[in-house]
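I have placed the structure first, in the form of structure tokens, so that the comments after it can refer back to it.
Naming convention: chains lettered A, B, ... in sequence-line order (proteins, then strands); numbering from 1 in each chain.
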There are 2 protein chains.
Amino acid sequence: MVYERHLKEFLDASNITVGDIIRLEKEDISYTGMLLEKPDYSNENTIIIKMDSGYNVGVDINGAKVEKIEEHNKPHIELDPVDRQLSDEKDNVTILSTGGTVASVIDYKTGAVHPAFTADDLLRATPELVDYANINAKAIFNILSENMTPQLWMQTAEEVYNEINDGADGVVIAHGTDTMHYTASALSFMLDTPVPVVITGAQRSSDRPSSDAFMNLTSSIVASKSDIAEVLICMHSTEDDTYCSLNRGNRARKMHTSRRDTFKSINMDPIAYVENNDVKINDPQVKYNKRGELPLMLNNNLADKVALVKMYPGVTDELINMYVDKGYDGIVLEGTGLGHCPDNMFNAITRAKDENIPVVITSQCLYGRTNLNVYSSGRRLLQENVIPVGDMIPETAYTKLLWAAGQSDNIDEIRSIMQTNLKGEMDKTLSQQYFIKQ
Amino acid sequence: MVYERHLKEFLDASNITVGDIIRLEKEDISYTGMLLEKPDYSNENTIIIKMDSGYNVGVDINGAKVEKIEEHNKPHIELDPVDRQLSDEKDNVTILSTGGTVASVIDYKTGAVHPAFTADDLLRATPELVDYANINAKAIFNILSENMTPQLWMQTAEEVYNEINDGADGVVIAHGTDTMHYTASALSFMLDTPVPVVITGAQRSSDRPSSDAFMNLTSSIVASKSDIAEVLICMHSTEDDTYCSLNRGNRARKMHTSRRDTFKSINMDPIAYVENNDVKINDPQVKYNKRGELPLMLNNNLADKVALVKMYPGVTDELINMYVDKGYDGIVLEGTGLGHCPDNMFNAITRAKDENIPVVITSQCLYGRTNLNVYSSGRRLLQENVIPVGDMIPETAYTKLLWAAGQSDNIDEIRSIMQTNLKGEMDKTLSQQYFIKQ
């Protein structure tokens, strides 16, 4: 998008255009960096500057002074096509970009200000990728991942389906980290895939020396050629650039705001690791879908309205009542402990039962599994037809209920779907050993 | 409570009273155990049996047959007073019981069916406690911890205050584990305490061989005599009975549904450990309030209505709008990543701002800290006066906002309280090292 007229006038006065290095002074603070194009979400008084730190900063121009430091000197128009070294010997890997920090991989090396994501752009930025596979690349969205929605998940699933249908031996999805695990989980239910679908991202943008973008991307390409035909999250295993984890997409969670090893599998270990361009299975006992095992199938019908609601002392039933009133298709509760709710929630839960709205219960502990048979309050939830889902994490229960309620209106069928392990998202054994070490 | 008439008739027909060992057969299942008193939350057709496993089971009597196996033979009325061996040489420790699995400590050893909690009962169950301190004990509630409320927190704070005011050298609170960390966090803000206030519980009830109740209780008494004058959570550090952790009350979280080492400090290590009746400080660099450092003060005014709301893809602004419409005193958001919300939340957030309702943002990652300066969406939240609270966990931000909004109606004062470290609940340094090892 282009800056609004008054922003443009402000910039024109100093002969500044997008791509220039500028210094902007406001009150006591001075910002130096490259003027970026206006993103569609920015405030109307704000210009966006890419700082040397790699972070993008939006600054309100009210009371600000600006000067041009350096002309934008890397026009993007004259680049030659890249020799993609296509070969029948190599696997065909498609990279779909949805936005987020990892998508800026192109940005820095080519100097392109637009986060374009053609195969040429990608290979200019990381020419070594031609050694790994015949790379096809496509930008399907360019959004911050907090703006992903179930609608966009459905679209993503269709894009992945089309790529595999067209012959991709593996698909890599570049995605913001904030909601990567929700997307991965949703895709795992919407797609039966005969090839790996690997979601990756970055906690540091690729123009910072400490970026994890390149290793995550190359590891994901290696994983996409592997035998693990599941939806996987591929991110750093440790803070160092030593190896990446391949987490089952519906079992992982972003557990740290900023660390590079932020994604952790909950209630299981990662299925495999990628180290030195090699995929190493972690535990041969753990089952996963092998390449070619499942025929390709797309079933991306999601329900319209499912809510994810946390229980806490002082919570009222206003929430659940509102969702019942608004005709929601389902409600996932993050209960306490083994899956408990305060007594004052029961009237609303009974109302949901009477309206045939499925209510699923998970645990906000994250680790462990629901068990409604231990305490009487749990048994009371069972009497109200609340659906416990074992060791499924709340985020996965949410995406699965969206999917289950998209498959059927019948509450018994929905219950059966929710309590059946479809894509490794739940396990009947206790998994007591998979826990935080402190 | 007593069983309803038809339940009583059903039991009377077999000459059964509370405390008897009974066998109840229903369909293909047979339940053998002690008939318990009717809890106030049970279904009107259900009787409660304490099984040999230690679990309480509620069984609907419809279609059930019952027989008496063994008469209740331990009347609770003739017990002699216990020699409490009071001595000026020993510290005075008060144990307040709120209910939960740990409170059943009495149950088993004395055979008392009522979870009484007098000092005599407690010392009959665990006579070794007289060696540790002059024990005073008092049941203030008997509820499952999912039914704790901010109102009950206020009452608990007052009880603790009174005990310390009356000369207790330390206070131990027996509490259900589900919401223990919410209570601990709330108490940390409501009380300035010159002595340790130690909250403890059990993941296995005390009549099971694997119970953690006794070790948690004795370790808590040891901790209550220590120099760490803070609100602490004392629970098992490991699955084995090796030692207990003393977690800062507003920094810990129940992280596993069933493991004994379920409580983990987030973004810091435990302050200390209790091993062999000895308190060992973990890191001498970590500051804590020393015994006698703070004069005793009670400030237990909490706001009426604060909400804790999780962000996720597909979340709508209906929630925040509802809380604004209902005149809530504040809203805590569990944002994604560094503390982000989807764009479609902003209208409602602006409405909250216009209504002077404080909106606090935390991260559902749990580990790490909010940072609204990295991405433009975060900066937009700052423009809407949203209050980021660094490395404070969502549960603590919730209890603290209840407290802050109970201190002031002025949004700037509330912001200042929320962003000031009062009881070790937040830290300005990055804490990158405190993270899950997988």
Side-chain angles (χ1 to χ4, degrees), chain A residues 39 41-43 48 55-58 144 146-150 177-179 182 254-259 262 264-265 269 306 308 310-314 318-319 322 326 334 336-338 340-343 363 365-371 374-377 379-380 383 395 398 432 435-438, chain B residues 39 41-43 48 55-56 58 144 146-150 177-179 182 254-259 262 264-265 269 306 308 310 312-314 318-319 322 326 334 336-338 340-343 363 365-371 373-377 379-380 383 395 398 402 432 435-438:
Chain A
Y41 43 79
S42 79
N43 183 288
I48 310 295
Y55 289 138
N56 298 344
V57 172
L144 294 169
E146 59 263 37
N147 289 322
M148 280 299 278
T149 62
T177 54
D178 267 27
T179 68
Y182 292 91
K254 185 173 183 178
M255 292 296 286
H256 198 285
T257 57
S258 58
R259 276 176 67 115
T262 176
K264 297 296 176 201
S265 287
D269 281 327
V306 168
L308 176 57
K310 180 164 174 161
M311 298 290 99
Y312 53 90
E318 296 166 311
L319 268 179
M322 182 184 78
K326 288 182 183 278
E334 283 193 9
T336 58
L338 293 162
H340 299 135
C341 293
D343 282 350
S363 175
C365 292
L366 304 178
Y367 291 85
R369 56 192 306 109
T370 55
N371 186 346
V374 177
Y375 294 99
S376 49
S377 54
R379 296 182 60 84
R380 192 170 159 200
Q383 283 165 2
E395 292 81 358
Y398 169 67
Q432 287 279 90
F435 192 43
I436 300 165
K437 292 154 193 82
Q438 184 168 53
Chain B
Y41 42 79
S42 80
N43 184 289
I48 311 294
Y55 288 138
N56 298 346
L144 295 169
E146 59 264 38
N147 289 323
M148 280 299 277
T149 60
T177 54
D178 268 27
T179 68
Y182 292 90
K254 184 174 184 178
M255 291 297 286
H256 198 285
T257 57
S258 58
R259 277 176 66 116
T262 176
K264 298 296 176 199
S265 288
D269 280 328
V306 168
L308 176 57
K310 180 164 172 158
Y312 53 90
E318 296 165 312
L319 269 178
M322 182 184 78
K326 288 183 183 279
E334 283 194 10
T336 60
L338 293 162
H340 299 133
C341 292
D343 282 351
S363 175
C365 293
L366 304 178
Y367 291 85
R369 57 194 303 112
T370 55
N371 186 344
N373 294 305
V374 177
Y375 294 100
S376 48
S377 53
R379 295 182 60 85
R380 194 170 157 199
Q383 282 165 4
E395 291 82 359
Y398 169 67
L402 272 165
Q432 287 280 89
F435 192 42
I436 300 166
K437 291 154 195 83
Q438 185 168 52

Checklist outcome for this item: Here the gap from B/Ser363 atom OG to A/Asp178 atom CG, rounded to the nearest 0.5 Å, amounts to 7.5 Å
Checklist entry - Hey, are the side chains of A/His340 and B/Leu144 touching, using non-hydrogen atoms and a 4.5 Å cut-off? => result no
Checklist entry - Under the 3.5 angstrom rule, does the side chain of B/Asp343 hit a backbone N or O of A/Asn147 as a donor-acceptor pair? => result no
Next on the checklist: So for A/Tyr182, is it side chain, backbone, both, or neither that comes closer than 4.5 Å to the heavy atoms of chain B?
Outcome noted: side chain
Checklist entry - Do the non-hydrogen side-chain atoms of A/Thr149 and B/Pro313 ever get within less than 4.5 Å of each other? => result no
Item to check | Contact check, side chains of B/Thr257 and A/Thr370, non-hydrogen atoms, under 4.5 Å | outcome: no
Checklist entry - For the atom pair CE (B/Met255) and CZ (A/Phe435), what is the distance rounded to the nearest 0.5 Å? => result 6.5 Å
Checklist entry - In Å, rounded to the nearest 0.5 Å, how long is the span from NZ of B/Lys254 to CG of A/Leu366? => result 12.5 Å
Item to check | Heavy-atom pair count under 4.5 Å with chain B, highest-scoring of A/Glu395, A/Lys310, A/Met148 | outcome: A/Lys310
Next on the checklist: If we define contacts as heavy-atom pairs under 4.5 Å, which of B/Thr262, B/Thr179, B/Val306, B/Leu319 has the most with chain A?
Outcome noted: B/Leu319
Checklist outcome for this item: Heavy-atom nearest pair, A/Glu146 first then B/Cys341, reads CG-O, 3.6 Å
Next on the checklist: Does any backbone or side-chain atom of A/Glu318 lie under 4.5 Å from a heavy atom of chain B? Answer side chain, backbone, both or neither.
Outcome noted: both
Next on the checklist: What part of A/Met322 gets within 4.5 angstrom of chain B, counting heavy atoms only: side chain, backbone, both, or neither?
Outcome noted: side chain
